[in-house]
Amino acid sequence: MSVPLRDPVNRVSRRAITLWLLEALFGFALLVGGSMLAAVWIDGSGWSWVPGWLSDNVWWLPVAVGVLMAPFVVIEPFWRYAVHRWELSSDVVYARSGWISREWVFVPVSRIQTVDKAQGWFERLLGLATVEIRTASYAGSSTIKGLDYTVAARLSESLAHRAEELRDDAT
Amino acid sequence: MPAEAVPSRLSPLVLLIDPVRMLPSLLLPLAGVLFVGGFSPSSFGWAAVAVVGSVAYSVLRWATFTYQIVGDRLELTRSLVSRSVRTIPLERVRGVDVTTPPLHRLLGLAVLRIDTAAHGSADKQEGELDGVTLAEAERLRTLLLRPSRVRAAQTPDAAPGTARQMPPHGPLDAPDATPATAGTTPPTLPPGDAAALTGAGEPAVRQVAPETVYLRVPRKWLTFGPLSGAYLFTPFALVAGAVGVLFQWAEQFGVSGRTALSIGEWLWHRPYLLVAAALLLIAAMPFLGVLMYSVLNWDFTLRARDGYLVAERGLVNRRSVSLERRRVRGYEIVEALAERWAGVARVWAIVSGLGDSQNRGQLLPVVPRAAALDVTREAVGELTAPLRTHPPSARKRRLFRAIAPWLALAALGAVPALTTGVGVWWVLPVLALLLALAGVPLGLDRYRSLGHTYDGTRLSVRSGSLRRSQAVVERRAVVGWTFRQTWFQRRVALMTVIAGVGAGVGGYEAIDVSEADGPAFAAEVTPDWLSPFTIPHPAAHSPTDPPTT
């Protein structure tokens with residue numbers, strides 16, 4: 001990577017791979033299910049404006065979607081694990097996320113307004129948590145996903161504490 | 001803080017307005033009562049009861065509503081059935097709007113709206129006093145806006161560039177804190193806000209407000225109005241509104257949908273009438289556009305008063321918006337394509353914690369660009385560095401994005417045209433191709449618009465072609481950074497840098513900066529935040545970029 005930013009020090013929890021895999025499977029099921037519904041709909045409708053070659057082969061649609069998307073279900077979690085990293089140093093939270101597209105966020109602790117720790121269904125199952133760091137702006141706010149629960153608790157605790165000390169509402 | 005012993009009421013004159021305002025909503029039920037009753041004496045009796053009842057209700061409402069400034073808060077008390085008190089801490093008052101709708105103006109009354117938006121619109125709470133005398137409105141405005149001015153004035157160290165060492169505002173920015181401790185931690189002034197310093201040390205003495213008029217927009221500039229585009233559609237909006245009202249009334253009076261349909265059919269068979277009407281509407285566009293714009297922006301005046309920027313405008317409904325200067329963090333200058341061609345622009349203030357900023361933050365209506373820059377320089381501040389251009393790969397990307405979607409649509413549209421062989425299908429691909437062609441100049445212009453810079457105090461980003469917008473924001477308003485790189489951007493070594501700003505729309509984007517310049521730009525603005533994470537790069541910063549205009 002040629003963006004002149006060094007990698008944040010900490011990786012997220014390894015169990016985050018499982019989390020992303022579950023989420024990807026869920027999305028995959030929705031997508032294939034959705035295209036199946038569409039296929040059923042087109043097949044049964046008998047609309048005259050649908051060209052014959054399409055209505056005859058409409059069952060290839062969910063198959064094509066499935067074949068095209070299946071690799072990503074496996075690739076995405078591992079790719080994300082390689083990209084997602086975070087760090088707290090010099091009173092700045094530095095986090096990187098994404099897979100095909102990437103995002104780097106810098107949030108100085110002095111501008112933090114709230115720190116939330118959240119757990120979704122899957123996260124709860126896997127003992128993971130998400131830390132949401134909010135400032136007065138959406139573009140200065142960061143969400144760190146897939147942290148080990150104890151790490152997330154420690155991070156949000158220390159961030160909240162430090163933010164209180166540094167509180168600076170120049171905005 | 002001057003406290004008032006006796007709670008005040010709204011002006012009793014407002015009772016003259018209330019029935020008129022209720023008229024439309026009463027009219028139909030009344031007509032209904034009369035119709036159902038067959039215009040018998042008793043039906044008139046019931047109608048009279050309804051009218052008397054509604055008048056009595058407004059008298060009751062008026063009599064049971066009071067307001068009072070108690071200590072450091074404003075209390076609005078309504079005790080109609082149950083007693084409810086809305087308390088607005090004066091520290092939370094961000095601005096006071098005074099509007100005078102036509103009826104109010106006839107009677108010398110005004111509507112006072114108190115804006116207390118804290119962070120975003122989440123815990124926004126507004127107070128409204130509908131129907132105070134103009135003198136009372138003026139008195140309340142001075143009283144309500146005074147505390148923050150006095151607090152601001154008590155701060156001696158108004159040094160610029162102290163943003164990061166500033167003491168906390170306390171309750172001003174902490175929505176959950178109790179307002180009782182407010183005022184003990186004085187906030188700092190922005191550089192150059194000397195106006196707020198008047199009256200230091202003598203908060204009890206009421207001073208003659210030092211007032212500077214930045215600009216009173218001359219009448220002949222009103223003709224620039226339609227250039228922004230939106231006002232051109234006034235005739236169509238009027239017609240649509242009229243049709244809507246007609247339908248509503250027709251239904252009330254039992255005109256069936258079939259009649260409407262037959263009218264439509266009658267028109268359909270006389271297309272020349274439709275064409276004539278359309279031509280008439282199109283011809284009316286500029287005139288009605290100017291008219292509408294003039295009604296809304298008549299005698300637009302921007303002045304400074306007591307540490308506030310006050311923008312006043314309107315012909316029928318005169319509106320005055322006060323923006324606390326201490327919270328102004330920059331400005332955004334916007335030009336539509338036609339406006340750029342005519343050399344005019346509009347300006348919005350970027351204010352922290354301002355709700356409804358699209359309407360309330362407007363600093364200048366459509367005025368010549370030079371005048372806009374002069375006024376913003378005086379009222380807000382000046383950007384002293386030229387914009388830096390973005391790399392040539394950004395041009396390719398702008399072009400690709402302006403052309404490719406239309407080409408794809410044209411290709412897609414050509415499929416049914418080729419397979420069916422029906423000529424009508426060609427309309428879509430041809431239209432798409434024309435749009436793709438138009439995408440060439442559009443993409444080039446979008447690239448020319450791109451720019452970002454930092455002059456030591458303010459950063460600026462610009463983008464857009466059909467609506468070009470340049471934001472200029474003070475460094476201290478930046479609360480964080482986001483860099484974004486899509487797969488396409490990554491292949492050509494570009495990225496989008498978003499400065500998170502706790503004011504205005506929240507984030508200002510520098511689109512398609514080279515991936516070396518992006519972090520370097522952020523590090524230039526806030527070195528402490530970025531330097532621990534950046535890798536020194538031989539071409540990290542290129543000051544040799546030729547400046548754009």
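Proteins come first, then strands; the chains are lettered A, B, ... in the order of their sequence lines, and each starts at number 1.
The parts of Ser89(A) that come within reach of chain B are both its backbone and its side chain, each placing non-hydrogen atoms under 4.5 angstrom from that chain.
Most heavy-atom pairs under 4.5 Å with chain A: of the set Val505(B), Leu530(B), Ile498(B), this distinction falls to Leu530(B). Among Ala493(B), Ala499(B), Gly507(B), the residue making the largest number of heavy-atom pairs under 4.5 Å with chain A is Gly507(B).
Note that OG1 of Thr486(B) and CD of Glu103(A) are 12.0 Å apart. Values are rounded to the nearest 0.5 Å. With values rounded to the nearest 0.5 angstrom, Trp529(B) atom CH2 is found 11.5 Å from Asp91(A) atom CG. Rounding to the nearest 0.5 Å places OH of Tyr94(A) at 7.5 Å from CZ of Phe533(B). For the atom pair OG1 (Thr482(B)) and OH (Tyr138(A)), the distance works out to 8.0 Å, reported to the nearest 0.5 Å.
Counting only residues at least two apart or in different chains, side chain to side chain donor-acceptor pair (under 3.5 Å) contacts with residues 28-40 of chain A are absent.
Open room surrounds CH2 on Trp60(A); 12 or fewer heavy atoms of other groups in view lie less than 6.0 Å from it. Environment of CZ in Phe400(B): sparse, with no more than 12 heavy atoms of neighbouring residues, nucleotides or ligands closer than 6.0 Å. Crowding of Phe72(A) atom CZ: a count of heavy atoms from other residues, nucleotides or ligands under 6.0 Å not exceeding 12. Counting non-hydrogen atoms of neighbouring residues, nucleotides and ligands closer than 6.0 angstrom, the CZ atom of Arg401(B) reaches no more than 12 such neighbours. Within 6.0 Å of CZ on Arg491(B) lie no more than 12 heavy atoms contributed by other residues, nucleotides or ligands. The local environment of CZ in Phe28(A) is crowded, with over 12 non-hydrogen atoms from other residues, nucleotides or ligands closer than 6.0 Å.
Ser137(A) contributes no side-chain N or O that, together with a main-chain N or O of Gly502(B), makes up a donor-acceptor pair within less than 3.5 Å. Under the 3.5 Å distance criterion, the side-chain polar atoms of Arg111(A) are left unmatched by any main-chain donor or acceptor of Ala477(B).
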The test is side-chain contact (heavy atoms from CB on, under 4.5 Å); show your working for Val105(A) and Phe483(B) and say whether it passes. CA-CA 6 Å; Val105(A) 181; Phe483(B) 304 148; over 6 Å; no
Set out, in order, the CA-CA distance, both residues' side-chain angles and the distance that settles side-chain contact (heavy atoms from CB on, under 4.5 Å) for Gln485(B) and Trp104(A), then state yes or no. CA-CA 9 Å; Gln485(B) 194 176 40; Trp104(A) 296 256; 3.5 Å; yes
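Taking Leu31(A) as the reference, Val65(A), Met69(A) meet the side chain to side chain contact (heavy atoms under 4.5 Å, CB included) condition, with sequence neighbours excluded.
Checking each of Arg484(B), Met495(B), Arg490(B) against Arg102(A) for a side-chain contact (heavy atoms from CB on, under 4.5 Å) leaves exactly one that passes, namely Arg490(B).
Considering only heavy atoms from C-beta on, Pro519(B) comes within 4.5 Å of Val3(A) through its side chain.
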